[in-house]
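As the structure is a prediction and not an experimental result, all values here were calculated from the model.
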Amino acid sequence: NAGVTQTPKFRVLKTGQSMTLLCAQDMNHEYMYWYRQDPGMGLRLIHYSVGEGTTAKGEVPDGYNVSRLKKQNFLLGLESAAPSQTSVYFCASSRGVTGELFFGEGSRLTVL
Amino acid sequence: AQSVTQLDSHVSVSEGTPVLLRCNYSSSYSPSLFWYVQHPNKGLQLLLKYTSAATLVKGINGFEAEFKKSETSFHLTKPSAHMSDAAEYFCVARSYRDSGTYKYIFGTGTRLKVLA
């Protein structure tokens with residue numbers, strides 16, 4: 001019963017490097033989301049998707065790109081990492097009607 | 001603008017005493033409301049949700065919350081705290097975007113400490 005799986009769980013990058021975070025869900029959910037969590041700021045939405053092949057910007061999209069080529073996967077990319085992107089990233093999915101978000105366990109990214 | 005306010009960033013209780021975590025929301029209509037719990041280095045787990053049915057909602061691990069429209073509140077309570085309840089708690093509101101999709105508005109969290 002996997003739910004939402006994020007990889008990798010930890011990563012250290014140098015400024016300017018690129019990387020991709022992968023989110024996979026096995027619940028056939030239409031909606032998927034990427035959030036970042038920083039101390040004292042709750043969760044902030046980076047990008048989201050309402051279905052395969054669609055993406056949209058959230059509150060803090062700058063410096064990130066996303067893709068949803070398959071319904072079960074939602075990728076978050078950092079093209080040129082900056083120290084301000086040091087954070088814990090959470091992927092979530094939901095079935096629109098019931099509204100409940102299901103979260104992955106998070107990916108901790110440090111940019112030096 | 002819609003917002004969710006968690007009135008206390010930190011709450012400390014003794015084991016066996018009641019827990020009250022406060023949440024107020026602002027919205028022009030009744031949104032769906034959720035409480036999530038996050039244990040250290042873990043993802044967020046749903047405790048309970050309100051979706052316009054009964055105003056008193058029961059969740060997992062003995063938690064419950066009451067939706068009070070007149071006070072725009074959705075406070076989380078538990079009669080008797082357990083050491084395992086120590087975690088961070090998030091109040092979340094769900095509403096609609098102009099595009100017709102849903103958006104989730106998170107409070108900034110309340111860290112619950114349980115003293116032995």
Side-chain angles (χ1 to χ4, degrees), chain A residues 1-10 21 23-25 27 29-51 54-61 68 87-109, chain B residues 1-10 21 23-25 27 29-53 57 59-60 67 74 87-111:
Chain A
N1 191 12
V4 179
T5 303
Q6 293 181 228
T7 53
K9 290 187 172 18
F10 301 93
L21 297 177
C23 176
Q25 53 96 2
M27 297 171 283
H29 286 168
E30 290 294 332
Y31 293 75
M32 296 187 74
Y33 311 81
W34 276 108
Y35 291 92
R36 59 177 290 171
Q37 183 178 32
D38 302 291
M41 302 187 75
L43 273 73
R44 293 182 291 168
L45 182 64
I46 304 171
H47 286 280
Y48 65 100
S49 168
V50 301
T54 72
T55 63
K57 294 180 180 180
E59 303 170 64
V60 290
R68 188 142 178 229
S87 188
V88 182
Y89 292 86
F90 285 97
C91 177
S93 70
S94 72
R95 196 166 48 222
V97 174
T98 60
E100 175 183 345
L101 284 170
F102 292 80
F103 285 88
E105 295 222 328
S107 298
R108 185 175 296 273
L109 175 65
Chain B
Q2 294 158 344
S3 65
V4 172
T5 303
Q6 292 184 243
L7 296 154
D8 306 292
S9 59
H10 293 83
L21 304 182
C23 173
N24 286 96
Y25 70 93
S27 177
Y29 55 91
S30 295
S32 296
L33 295 163
F34 308 82
W35 274 100
Y36 284 84
V37 60
Q38 184 182 29
H39 291 278
N41 301 313
K42 294 291 186 183
L44 281 73
Q45 179 187 12
L46 181 71
L47 277 178
L48 49 83
K49 62 182 179 182
Y50 167 77
T51 54
S52 75
V57 181
I60 62 172
F67 173 72
F74 190 56
E88 188 151 24
Y89 293 79
F90 291 93
C91 182
V92 182
R94 186 185 77 153
S95 63
Y96 291 96
R97 300 176 186 279
D98 293 340
S99 59
T101 59
Y102 296 110
K103 64 178 177 181
Y104 295 83
I105 305 156
F106 286 77
T108 52
T110 299
R111 188 167 296 276

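With respect to chain B, the highest number of heavy-atom pairs below 4.5 Å among A:Met41, A:Arg108, A:Gln37 belongs to A:Gln37. Contact count against chain A (heavy-atom pairs under 4.5 Å) is highest for B:Lys42 among B:Lys42, B:Gln6, B:Gln45, B:Arg111.
Using a 4.5 Å heavy-atom cutoff, the side chains of B:Phe90 and A:Leu43 are in contact. Residues B:Arg94 and A:Leu101 fail the side-chain proximity criterion, which asks for heavy atoms closer than 4.5 Å. Between B:Tyr104 and A:Leu45 the shortest side-chain heavy-atom distance does not fall below 4.5 Å.
Note: B:Leu44 CG to A:Glu105 CD = 11.0 Å, rounded to the nearest 0.5 Å. With values rounded to the nearest 0.5 angstrom, B:Leu46 atom CG is found 7.5 Å from A:Phe102 atom CZ.
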Test log, rule side-chain contact (heavy atoms from CB on, under 4.5 Å), inputs A:Tyr33 and B:Lys103: CA-CA 10 Å; A:Tyr33 311 81; B:Lys103 64 178 177 181; over 6 Å; no

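For chain B, no part of A:Arg44 is nearby; none of its heavy atoms comes within less than 4.5 Å. At a 4.5 Å heavy-atom cutoff, A:Gln6 makes no contact with chain B through either its backbone or its side chain.
Take A:Phe90 and apply the ring-ring contact (aromatic ring centres under 6.0 Å, His included) test, not counting sequence neighbours, and it matches no residue. For the side-chain contact (heavy atoms from CB on, under 4.5 Å) test, residues two or more places apart in sequence or in another chain that qualify with A:Ala24 are A:Asn73.
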